[in-house]
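Accompanying notes for the structure given below.
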Amino acid sequence: MRQCTPLDITPYINNRGITQANIDHHLGFISVGGCSFPLEEVPIETGLICEEIPFLFSRTDEGDNIELEGQTLSFAQVLAGQVHILGVSTNGNFFDRVQFFREGKLVRVSRLALTNFIEREPFFPQNRVALQFTHVNTRVGPKDTFKPILWHTSLDLEGEFSIDTICFEDNPSMHIFAITIESGGND
Amino acid sequence: MGEVTAYVDSNKNCFHLVLAAILERNGIHPDYAWNQAGLYYEESENHWKMTPYFESVDNCLRGVKVISEKFSCNDRLLDRLDDLLTRGQNVVVPVDIYELPYSMYYREQHNPHSIEMLRLEDGSYHICDHFFQFIGTLSRSDLKKTLDAYNSHCLPDITFSYLQISENELKLPDIEDATTIIKKNCAIMEGVLLDGMESLGSGIYGFGVIVRLIKKLDEMLSLEESAAKDLMEEMYCDIKEVAYSRDNYSAFLKRMGLGQLTSPVEEAAQCWRAASNMLLRAKVAGNHEGMKPRIFKRLERVQEQERLVVEQMENFLSVKGK
């Protein structure tokens with residue numbers, strides 16, 4: 001039976017990528033130029049269902065996403081066949097290695113590829129549109145010259161494995177807003 | 001001319017974006033034009049030069065010429081620009097983003113930038129800023145302001161460019177041209193130039209540049225933040241350009257039906273790009289000492305990947321030569 005487990009990424013949040021115009025738009029830092037997504041267009045409270053996969057967002061004083069700097073995410077052991085991620089790259093289209101562990105042992109290595117949030121089409125074919133915004137917040141206020149996209153991607157672990165840890169590489173141009181682990185998808 | 005759309009490509013600088021857009025509009029795929037992936041570095045007392053390119057871009061496409069004209073007076077530049085636009089010639093003009101009203105950096109930050117001038121209508125210029133994906137108008141006075149700002153904050157002289165495409169002479173690269181390009185890129189990386197390749201100067205070529213770059217960044221990131229800021233910005237642009245060259249080389253190889261060679265090239269591009277963004281992040285957010293080991297680790301990955309690229313290409317060339 002298909003089971004989806006959204007991860008709580010709150011302890012790992014280290015970047016602000018969602019802001020409100022005229023309130024904290026100047027604090028957005030998803031790109032070093034100071035861009036961010038408009039809060040009113042992100043279903044922070046209810047979460048988002050994308051291709052029947054439920055995602056949970058987090059928002060703390062530190063921000064709302066994980067800027068990758070080699071973090072190790074630990075959680076209760078869960079069966080995983082697919083790992084679904086909502087995220088973006090900034091200032092380029094990036095891919096990097098992701099490692100999955102159980103009790104300290106490497107179980108699987110995969111590649112996370114995320115398209116730049118300013119692109120109109122997915123640079124990586126496995127990326128799909130999760131949310132497209134009507135504008136982007138910048139340090140000087142909202143701009144609608146481009147409509148940024150939050151991308152949805154799925155890492156296929158090629159089999160089902162119990163995992164309790166995910167290790168990302170040090171690549172601060174990649175940002176993750178939500179992670180959901182799926183098992184039983186092929187039942 | 002039909003409706004113009006912004007040319008979006010994360011692997012080109014703003015100047016190359018405009019050239020690529022014009023090529024595409026003329027039915028020439030831009031992948032053919034950007035295929036140089038070398039590496040050269042030289043340093044004089046207070047300045048360095050680092051580039052992946054060793055030939056002019058238009059050398060890669062027979063029948064296409066980039067024509068550049070230099071001006072020390074902006075009124076003369078505008079007269080010549082009007083003349084070219086009236087004749088239907090689109091022009092790439094360098095500007096300072098500080099004076100572009102539609103830019104998110106308007107009156108915030110000085111930086112050189114390139115835009116495409118499309119046509120002149122009712123005293124206003126129709127422009128396409130491919131990088132910021134803006135298509136609209138710029139008044140003559142706004143254009144004059146941004147050119148003057150470019151003179152004051154970027155370069156004292158302004159050089160604008162346009163493409164001349166001769167349909168009779170146009171010839172896209174074939175597999176033999178691609179093989180020559182691969183040989184040249186390998187030669188530059190190994191620091192042994194082939195017959196007919198021009199020396200770029202007395203600096204360092206290829207793998208040795210990466211070792212020198214780590215030392216240079218170590219020095220740069222040890223400076224006071226205020227003193228390092230402009231140097232970091234310049235170095236960020238240089239490293240990013242190297243990353244672009246690798247991504248474009250990969251796109252070229254795919255276009256030439258050599259997609260089996262691209263994996264290490266793409267990995268190298270990613271590592272260069274990640275290193276450049278780390279440097280930019282250090283510049284914007286501070287914490288230079290904290291970023292040093294992260295940048296150096298990434299550049300060590302660059303070194304490994306660049307060696308894999310040359311190894312793979314040389315294997316290909318030796319098999320092809322049999």
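Residue numbering restarts at 1 for every chain, and letters A, B, ... go by the order of the sequence lines.
- Residues B/Arg273 and A/Asn93 are not in side-chain contact: their nearest non-hydrogen atoms beyond the backbone lie 4.5 Å or more apart.
- With a threshold of 4.5 angstrom between heavy atoms, A/Thr90 approaches chain B through N, CA, C or O but not through any side-chain atom.
- Under a cut-off of 6.0 angstrom, the local environment of NZ in A/Lys147 is crowded, with over 12 non-hydrogen atoms contributed by other residues, nucleotides or ligands.
- Contacts of A/Val32 with chain B are made by both backbone and side-chain atoms, with heavy-atom separations under 4.5 Å.
- The local environment of CD1 in A/Ile44 is crowded, with over 12 non-hydrogen atoms from other residues, nucleotides or ligands closer than 6.0 Å.
- Shown here is A/Glu45, whose CD atom has no more than 12 heavy atoms of other residues, nucleotides or ligands within 6.0 Å.
- Contact annotation for A/Glu69: both backbone and side-chain heavy atoms come within less than 4.5 Å of a heavy atom of chain B.
- The SG atom of B/Cys271 sits 7.0 Å away from atom CG of A/Asp96, with the distance rounded to the nearest 0.5 Å.
- For CD of A/Glu52, the number of neighbouring non-hydrogen atoms (other residues, nucleotides, ligands) closer than 6.0 Å is 12 at most.
- Residues A/Phe146 and B/Val8 form no side-chain contact, since every pair of their non-hydrogen atoms from C-beta on lies 4.5 Å or further apart.
- Here the closest heavy-atom approach between residue A/Phe94 and residue B/Ala274 is recorded as CE2-N, 3.5 Å.
- Note: B/Arg301 leads B/Arg301, B/Lys297, B/Glu266 in heavy-atom pairs under 4.5 Å with chain A.
- Sparse packing is recorded around CD of A/Glu121, with 12 or fewer heavy atoms of other residues, nucleotides or ligands lying under 6.0 Å away.
- Comparing B/Gln270, B/Arg298, B/Lys283, B/Arg281 by how many heavy-atom pairs each has under 4.5 Å with chain A, the most go to B/Gln270.
- Atom CD of B/Glu224 sits in a sparse spot, with 12 or fewer heavy atoms from other residues, nucleotides or ligands closer than 6.0 Å.
- Taking 4.5 Å as the heavy-atom cut-off, the residues of residues 103-114 of chain B that approach chain A are B/Ser103, B/Met104, B/Tyr105, B/Glu108, B/Gln109, ordered by number.
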Which pairs would a plain distance check flag for residues 107-116 of chain A, meaning a side-chain donor or acceptor within less than 3.5 Å of a matching protein atom at least two apart in sequence or in another chain?
{"unit_1": "A/Arg108", "atom_1": "NE", "unit_2": "A/Leu157", "atom_2": "O", "d": "2.8"}
{"unit_1": "A/Arg108", "atom_1": "NH2", "unit_2": "A/Glu158", "atom_2": "O", "d": "3.4"}
{"unit_1": "A/Arg111", "atom_1": "NH2", "unit_2": "B/Glu267", "atom_2": "OE2", "d": "2.5"}
{"unit_1": "A/Thr115", "atom_1": "OG1", "unit_2": "A/Phe123", "atom_2": "N", "d": "3.0"}
{"unit_1": "A/Thr115", "atom_1": "OG1", "unit_2": "A/Phe124", "atom_2": "N", "d": "3.4"}
{"unit_1": "A/Thr115", "atom_1": "OG1", "unit_2": "A/Asn127", "atom_2": "OD1", "d": "2.7"}
{"unit_1": "A/Asn116", "atom_1": "OD1", "unit_2": "A/Ile118", "atom_2": "N", "d": "3.4"}

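- For chain B, the option among A/Gly34, A/Ser89, A/Ser173 with the highest count of heavy-atom pairs below 4.5 Å is A/Ser173.
- Of the listed residues A/Asn171, A/Asp170, A/Thr138, the one with more heavy-atom pairs under 4.5 angstrom with chain B than any other is A/Asp170.
- When heavy atoms are compared at a cutoff of 4.5 Å, B/Phe132 approaches chain A solely by way of its backbone atoms N, CA, C and O.
- Residue B/Asp247: no heavy atom, backbone or side chain, is found under 4.5 Å from chain A.
- Of all heavy-atom pairs between B/Ser10 and A/Gly92, the closest is CB-CA, 4.3 Å.
- No more than 12 heavy atoms of other residues, nucleotides or ligands lie within 6.0 Å of CZ in B/Phe131, so this atom counts as exposed by the packing criterion.
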